[in-house]
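To start, the structure under review is shown below, and the notes come after it.
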Amino acid sequence: MNQTKDPGDAVQADAGWIVATDWTGVRGRNVEVYEHGEFMDRGVVDTVTLDGHILWLSFQGNIPRRIIEKLPGTTIRVMPD
């Protein structure tokens, strides 16, 4: 039997990481960013818009931060406290 996997199933809580559906409370948290289940980035959330649709991911190195928009297929996972 051939089953089609739901793209949302590609990102699961793993090794303590929890999928965040509400981005409004992730400021200051360590997160991983996935697009359509594929790992894209990791960093600390610098700030989040009030509606939780945009966050800025902070890095160490040459690029200080990157904007992440909450689009269909974009998921973040948060390391719990």
Side-chain angles (χ1 to χ4, degrees):
M1 181 174 179
N2 187 6
Q3 293 182 341
T4 303
K5 195 171 188 180
D6 179 354
D9 291 341
V11 178
Q12 298 292 325
D14 181 18
W17 292 87
I18 299 171
V19 175
T21 55
D22 179 3
W23 291 13
T24 59
V26 297
R27 184 172 181 237
R29 306 291 297 273
N30 288 306
V31 300
E32 293 181 336
V33 180
Y34 291 80
E35 291 179 9
H36 303 284
E38 296 289 324
F39 175 80
M40 300 304 290
D41 231 328
R42 176 182 292 135
V44 176
V45 178
D46 183 39
T47 194
V48 181
T49 57
L50 292 175
D51 63 5
H53 287 276
I54 296 174
L55 61 82
W56 284 265
L57 201 57
S58 180
F59 306 98
Q60 294 180 350
N62 294 338
I63 301 172
R65 63 187 198 159
R66 174 181 172 214
I67 193 168
I68 307 293
E69 189 174 0
K70 190 175 188 180
L71 298 171
T74 302
T75 306
I76 61 170
R77 298 191 320 177
V78 179
M79 177 58 88
D81 291 334

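With values rounded to the nearest 0.5 angstrom, His36 atom NE2 is found 8.5 Å from Leu71 atom CG. With rounding to the nearest 0.5 Å, the separation of CZ in Arg27 from CG in Asp46 is 7.0 Å. Residue Ile18 holds its CD1 atom at 10.5 Å from CZ of Arg77, rounded to the nearest 0.5 Å. Note: Lys70 NZ to His53 NE2 = 6.5 Å, rounded to the nearest 0.5 Å. Between atom CH2 of residue Trp56 and atom OG1 of residue Thr49 there is a gap of 6.0 Å, rounded to the nearest 0.5 Å. Rounding to the nearest 0.5 angstrom, the gap separating the CD1 atom in Ile54 from the OG1 atom in Thr47 is 11.0 Å.
At least one side-chain heavy atom of Val45 sits less than 4.5 Å from a side-chain heavy atom of Leu57. Trp23 has its side chain out of reach of Val31: every pair of non-hydrogen atoms, C-beta onward, lies at least 4.5 Å apart.
Surrounding CD1 of Ile63 are at most 12 heavy atoms belonging to other residues, nucleotides or ligands under 6.0 Å away. For Ile67, the CD1 atom sits in a packed shell: over 12 heavy atoms of surrounding residues, nucleotides or ligands are nearer than 6.0 Å.
Linking Ile, Leu, Val, Met, Phe, Trp and Tyr whenever their side-chain heavy atoms come within less than 4.5 Å leaves Val78 and Val44 in two separate clusters.
Contact detail for Trp17 and Met79: the closest heavy-atom pair is CE3-N, 3.3 Å. When all heavy atoms are compared, the tightest approach of Ala20 to Val26 is CB-CG1, 4.3 Å.
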Would Asp41 and Phe59 count as a side chain to side chain contact (heavy atoms under 4.5 Å, CB included) here? Give the steps.
CA-CA 10 Å; Asp41 231 328; Phe59 306 98; 3.3 Å; yes

